[in-house]
Amino acid sequence: MEINNPLIEWSDSCLTGIARIDAQHQGLVSGLNSLGYLALKQKFNAKKFIQELDCLIRCFSEHFAEEEKVMLNFEYEEDREHRDRHSEILKKLFNLRVKVLITSDFKSNYLLKSLKIFKLFLEDDIKVTKDISANSKQSSIKAE
């Protein structure tokens, strides 16, 4: 699916140094961009949007579980706050799903505004993971 104006541009600056997390972040970027594309289509297809959103919810859930293991392993100081943000994002994703299911006349502006919330979270998530990765490398250097 080609997207003319993606919500998030993936670049090497998004890399955290943790290959599995980077692959998940890239998948989340792709999923958000796909939803953005669907939100802007002339004829909004709620069924297709929900299918893509369900896939994105699964990806976020799997990513959060993986990232929380990494935070625990590296004793990330802001672990609790970041896990709370994970819960908040999942709640917002489910709320968006419910709104799309119960509202047939959807405005693309609302959907894009909602998707931009997830974009901001993902950008923050990438920064946090970079911080964890950098600190873990410094710790391993100090331990040697």
Going through the checks in order, is the salt bridge (Lys or Arg N to Asp or Glu O under 4.0 Å) test met by Arg80 and Asp84? CA-CA 6 Å; Arg80 185 79 198 125; Asp84 288 346; 3.5 Å; yes
Might you work through the salt bridge (Lys or Arg N to Asp or Glu O under 4.0 Å) test for Asp124 and Arg85, ending with a clear yes or no? CA-CA 10 Å; Asp124 177 61; Arg85 285 195 299 259; 3.3 Å; yes
Give the intermediate values and the outcome of side-chain contact (heavy atoms from CB on, under 4.5 Å) for residues Glu68 and His63. CA-CA 8 Å; Glu68 288 171 12; His63 169 66; over 6 Å; no
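With respect to the salt-bridge test (charged N to carboxylate O, under 4.0 angstrom), the residues Glu88 and Lys92 qualify.
Between the side chain of Asp131 and the main chain of Lys127, no donor-acceptor pair closer than 3.5 Å is present. Without hydrogens or angle criteria, Asp22 side chain to Gly17 main chain gives a donor-acceptor distance under 3.5 Å. Using a distance-only test at 3.5 Å, with no hydrogens or angles considered, no donor-acceptor pair links the side chain of Ser30 to the main chain of Gln26. Ser133 contributes a side-chain N or O that, together with a main-chain N or O of Thr16, makes up a donor-acceptor pair within less than 3.5 Å.
Partners of Glu75 according to the salt bridge (charged side-chain N to carboxylate O under 4.0 Å, His left out) rule, which considers only residues two or more places apart in sequence or in another chain, do not exist here. Checked against side-chain contact (heavy atoms from CB on, under 4.5 Å), Gln51 has the following partners two or more places apart in sequence or in another chain: Lys47, Lys48. For the side-chain contact (heavy atoms from CB on, under 4.5 Å) test, residues two or more places apart in sequence or in another chain that qualify with Glu66 are Arg20, Ile21, Gln24.
Using a 4.5 Å heavy-atom threshold, the side chains of His82 and Asp125 count as touching.
No chain of hydrophobic side-chain contacts below 4.5 Å, direct or via other Ile, Leu, Val, Met, Phe, Trp or Tyr residues, connects Leu96 to Ile117.
Ring to ring, Phe121 and Phe64 are close: their centroids are under 6.0 angstrom apart.
His86 and Arg83 form no side-chain donor-acceptor contact under 3.5 Å, judged by distance and modelled atom types alone.
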